[in-house]
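Scroll down for the structure; my scribbles are underneath it.
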Amino acid sequence: MPRTALTPTEARGSVAAAPVVKAKSAPLRAMEKLGLRRDIDIALHVPLRYEDETRLIAIAELHDGVTAQVEGVVQRCEIQLRNRRQLLVTLADDAGDTLLLRFLHFYPSHQKTLAEGRRVRVRGEARGGFFGLEMVHPSFKAIDGDVPLATSLTPVYPTSASLPQAYLRRAVASALNRVDLSENVPAELLPPGITTLRDALRWLHHPPADAALAALEDRSHPAWQRLKFEELLAQQLSQLQAKCERAQQCAPRFRVTAGGLQDKLLTALPFSLTGAQRRVAEEIAADLQRARPDSGRGAQTSVPMHRLLQGDVGSGKTVVAALAAAIAIHNGWQCALMAPTEILADQHFRKLVDWLEPLGITTAWLTGSRKGRGRREMLERVASGEAGLVVGTHAVIQDDVQFAKLGLAIVDEQHRFGVAQRLALRSKLERHALEPHLLMMSATPIPRTLAMTMYADLDISTIDELPPGRTPIVTKLFADGKREAVVARIRDEVAHGKQVYWVCPLIEESAEGDATLIKNDTRSSKRPFGERPDLQNVIDTHQKLTEALPGVGVGLLHGRMKAADKAAMMARFTVGELSVLVATTVIEVGVDVPNASLMVIEHAERFGLSQLHQLRGRVGRGSVASVCVLLYAAPLSDTGKARLKAMAETTDGFEIARRDLAIRGPGEFLGARQSGAALLRFADLNDDLHLLHAARAAAEVMLKAHPDAAERQVLRWLGSKADYLKA
Ligand code: ADP
Ligand code: MG
C-alpha cells in the first residue's frame, strides 16, 4: 500500500533505517526528485541553516526579534473567536514570567499538547505584541519528565513541500551511519590542516552547540573546506581521466616542412603575425607534429590535439586556424571548420578561400540552406578527398557527410554549440580508424579559474595581443531620449565614408537564428511580423533610420530572414553599398567589416556583458577610431548602471569576463557543460582558488599512484554524471 504520509512510528522518530519500501512513499519520491538516491548523495545534502535547541533562555531575557527556546507550564489555553478564530496559550516559566503563544491555524492536537498544566518547550521568534511579548506559530513539544536538551545544533535542510523536514533529518542521520566515508585521498595530498570527510560531514550535519555559525554560513569553516576540496578533486580527476583516455587514441601525425603550404600562406598574407599569433600557431603546430611517446604504430601517429584557442574579439584567430588547416592539408589530410551561424561560416569561407585557393587548395561549403545538386556536388568533393578544406555550419556533421580523410576539425565559437552537436561531432569522428585533431576557438575568454576547473581536460592557447594599429574603441552611454544626437552622429560618420551598425535586442532569437530555425518552427514563421514585438522593434527602427537619413543606404538584418537574403544583405554592407546596418544579434559573432566605425546598441541593459563585448568588437577592426554607443532605457537599476559603466571603463575581454562571472555566475561561459552537468555545488571559484590548486595537484598524483582510490572518488561525487562532463 503506498504510504502518503508519515506513519505514527515515523513521526515519533524511532525509525532509523532509510525508508526502503516496495511502493515508494511520497517523501521517498520527493527525495529522488531532489537527487537524493544513494547514501552518499543524502550525506552530501548539507543544511541550509541551523536551529539552536541546545539552550533554554528565561522568558525575561527575550526581546523583540530574538529567536530562542523557552520552557514553561501552560497557564491558559483558549480559543478566541473575536476578530479571527485563533488559539491563545499563556506560558509561564519557572521564574514566573509569562509569554503569549498565538496560533492562527491549529488542530485539536494543539489543544491537547498545550492543555493547561502541561509542561512544554517552545521555540520561535519573539515579537513585541500589544499585550507584551508573544510568539506566533512557535514549534513546541511536550516535556514529560526529564527531556535533555539537544547536544548539537538542529539542521534545517533544503527540501520540498512533500518532504517533511523531520523525515529528511532521519534519512540523513541514517545515511550518515551507513555510508562509506573512508578516506580516498592519501594524507600527504590533503591541504594542510584539513579535516577528514567523515568529521566534516558529521560536523556540518550536527554542529556542536558552540559552533561558530558565521563560519558555517559563509562556508569558511574547515568542514566546508573539506567538502569543497573533495568536490574539486572529483572534478579534476574526472577531467584528467578524460584526458588520459584521449591520450590512448591515435591521430595522424603531421610534418611541418619549410616551404610547405603554411609557409606559403604566411608569405602571401598582407600582414605579418603578431607575437601572440606566432606563439599560439607554434603551440598548435607542436601538437600536430608530436609523435606518440609509446606507440607500436611508431612515429606515424600522434595523440589527438584537444586545444582551445581563445582570444579577444579581433585578435586574429582565423589566420591561426588557417595555418593549422594548411599544415593538415599539406600532409594530405582534410580539414573541417564548423561555425555556429551561417553568416559566420560564410565570412570564414570567403576569407579562407581568399587565402587558401591561390595556394591550390580546393574548398567546399556546406550549410543547412544549401540543397539539391549544389549540395550533392559538395558532398562528392568531400567524400572523394578533392576538397582539402570544408567550411560550414553544423551541416558539416550531418549523417550524409563523409570525409575521405579528416585530419583536423576546427570549431569556432565552440561554446555556442549544444551538447547534442558536440556529441555528434565526436561520434562522427570516432568512426574512423584515426581520430582527427580538434581545435576549438572562442572569443569569450574563459577566466583562468574557470578554465582550470571546467576545461582541465583541454590545452589552452591564448592570444593576448591585438594586431597593431587598432585604436581602442571609445564607449559612451546615452539614455534613450538622446536618440536624436546619436542619429546626428551617424550622419557624420557616413559623411566621412564610414559605416555604422545599429543593434536591437531580439529576445527569442537563438545563436543559430537562421534557416534551420525557420524550417523547424513553421508555426512562428507563418505568424505575421506584426505579432512579434521584438521583431517589430528592429523593423520600426530600420524604417525610422531610413527616414531620418535620406540618401543613405540602410540595410536590415535579422534571424528570421532566409539565409540567402541574410548573406546578400551582409555582402552589400561588406562592400560598402550600404552605410548603415540595422540588425539583431545575428551579427554578434565574428562579423568582420573593418570600415565600420560606429556601433549603436539599443536597450543595452538587456544584454549580458560578454555579449555586449562581442557586439562592440564588430567595430574597431580597422585603424579608424571607433565608438560604441550604448543606448539604455532610463531609469536603470543600480546593478544595471554598474554593468554598463563596466563596459565604458574597460575594453579588455578578460576583465569583462571576470566581472560577468561575478555578476552572472559561471553558466554563461560553460556553454555545453552548463545544462544539468555537475556544476560546482560547494566550491566557489572566486574564493576557493587555493583549494582548486591543491585539488589539481592531488588529482595528478592520485591518477598515477592511486588509480583505484581515484576511481572511487569520482564515483562517490559524480556517479553517473561523470560521462556528461566529457561531452
Ligand atoms: P577574431 O579573433 O575575432 O576571429 P579575426 O580573425 O576575424 O579576429 O581577425 C580580425 C581582423 O584582423 C581581420 O580583418 C584579420 O584579417 C585581421 N588580422 C588578423 N591578424 C592580423 C595581424 N597580425 N595584423 C593585422 N591584421 C590582422
Ligand atoms: Mg572569429
Side-chain angles (χ1 to χ4, degrees), residues 262 265-282 284 307-326 337-356 358 389 391-393 410-417 439-446 460-473 499 501 511 570 573-576 585-597 599 610-624 626 628 651-654 656-657:
Q262 74 286 348
L265 174 56
L266 278 175
T267 317
L269 284 175
F271 49 75
S272 53
L273 297 186
T274 62
Q277 282 172 319
R278 216 170 298 131
R279 174 171 47 74
V280 301
E282 273 162 21
I284 294 166
R307 188 172 282 279
L308 177 69
L309 170 59
Q310 58 175 359
D312 210 344
V313 280
S315 61
K317 293 181 291 295
T318 317
V319 69
V320 175
L323 286 166
L337 191 154
M338 184 161 89
T341 68
E342 205 144 316
I343 290 189
L344 191 53
D346 182 60
Q347 285 228 349
H348 279 313
F349 186 66
R350 284 163 202 272
K351 194 167 263 173
L352 293 170
V353 164
D354 274 356
W355 285 338
L356 298 177
L389 178 73
V391 182
T393 56
I410 303 174
V411 183
D412 196 13
E413 300 297 336
Q414 55 91 23
H415 60 290
R416 301 222 152 221
F417 287 95
L439 178 65
M440 294 170 255
M441 303 198 285
S442 174
T444 304
I446 304 166
I460 298 185
S461 292
T462 305
I463 307 184
D464 52 7
E465 177 189 358
L466 293 180
R470 303 256 169 97
T471 328
I473 306 165
Q499 287 168 285
Y501 293 103
M570 200 62 224
F573 186 67
T574 308
V575 299
T585 49
V586 286
I587 64 149
E588 180 188 342
V589 276
V591 169
D592 184 25
V593 178
N595 191 43
S597 61
M599 160 75 60
S610 292
Q611 203 180 12
L612 286 175
H613 182 63
Q614 292 278 311
L615 285 167
R616 179 168 64 181
R618 300 309 110 214
V619 295
R621 300 177 78 83
S623 55
V624 289
S626 298
C628 173
T651 52
D652 176 348
F654 277 88
I656 286 168

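Note that ligands are numbered from 1 as they come in the structure, with each ligand's atoms numbered from 1 the same way.
- Using a 4.0 Å cut-off to heavy atoms of Thr274, the atoms of ligand 1 that qualify are 23 (N).
- At least one heavy atom of Lys351 sits closer than 4.0 Å to an atom of ligand 1.
- Considering backbone and side-chain atoms alike, Gly316 places an N or O below 3.5 Å from some N or O of ligand 1.
- Remark: the backbone N or O of Ser272 is not paired with any side-chain donor or acceptor of Arg278 at under 3.5 angstrom.
- Asp346 has a carboxylate O that lies under 4.0 Å from a charged side-chain N of Arg350, or vice versa, which qualifies the two as a salt bridge.
- A side-chain donor-acceptor contact under 3.5 Å links Gln277 to the backbone of Gly316.
- The shell of residues lying under 4.0 angstrom from ligand 1, judged by heavy atoms, excludes Pro594.
- For ligand 1, the atoms sitting less than 4.0 Å from at least one non-hydrogen atom of Leu273 are 23 (N), numbered in the order shown with element in parentheses.
- Contact check for Tyr501 versus Leu615: no side-chain heavy atoms found under the 4.5 Å cut-off.
- Using a 4.5 Å cut-off on side-chain heavy atoms (C-beta onward), Asp412 and Gln347 make no contact.
- Without hydrogens or angle criteria, Lys317 side chain to Gly311 main chain gives a donor-acceptor distance under 3.5 Å.
- Contact annotation: for Gln277 versus ligand 1, heavy atoms closer than 4.0 Å belong to the side chain alone.
- Ligand 1 has Gly314 within reach: a non-hydrogen atom of the residue lies less than 4.0 Å from it.
- The shortest N or O to N or O distance between Pro467 and ligand 1 is not below 3.5 Å.
- Remark: ligand 1 and Ser272 share an N or O pair separated by less than 3.5 Å (distance only, no angle test).
- Atoms of ligand 1 found under 4.0 Å from any heavy atom of Ser315, numbered from 1 in the order shown, are 2 (O), 8 (O).
- Against a heavy-atom cut-off of under 4.0 Å, Thr318 is close to the following atoms of ligand 1: 4 (O), 5 (P), 6 (O), 7 (O).
- Judged by distance alone, with hydrogens and angles left aside, the side-chain atoms of Gln499 form a donor-acceptor pair with the main-chain N or O of Phe573 at under 3.5 Å.
- In terms of heavy-atom proximity, Arg307 sits nearest to Ser461 at NH1-OG, 2.8 Å.
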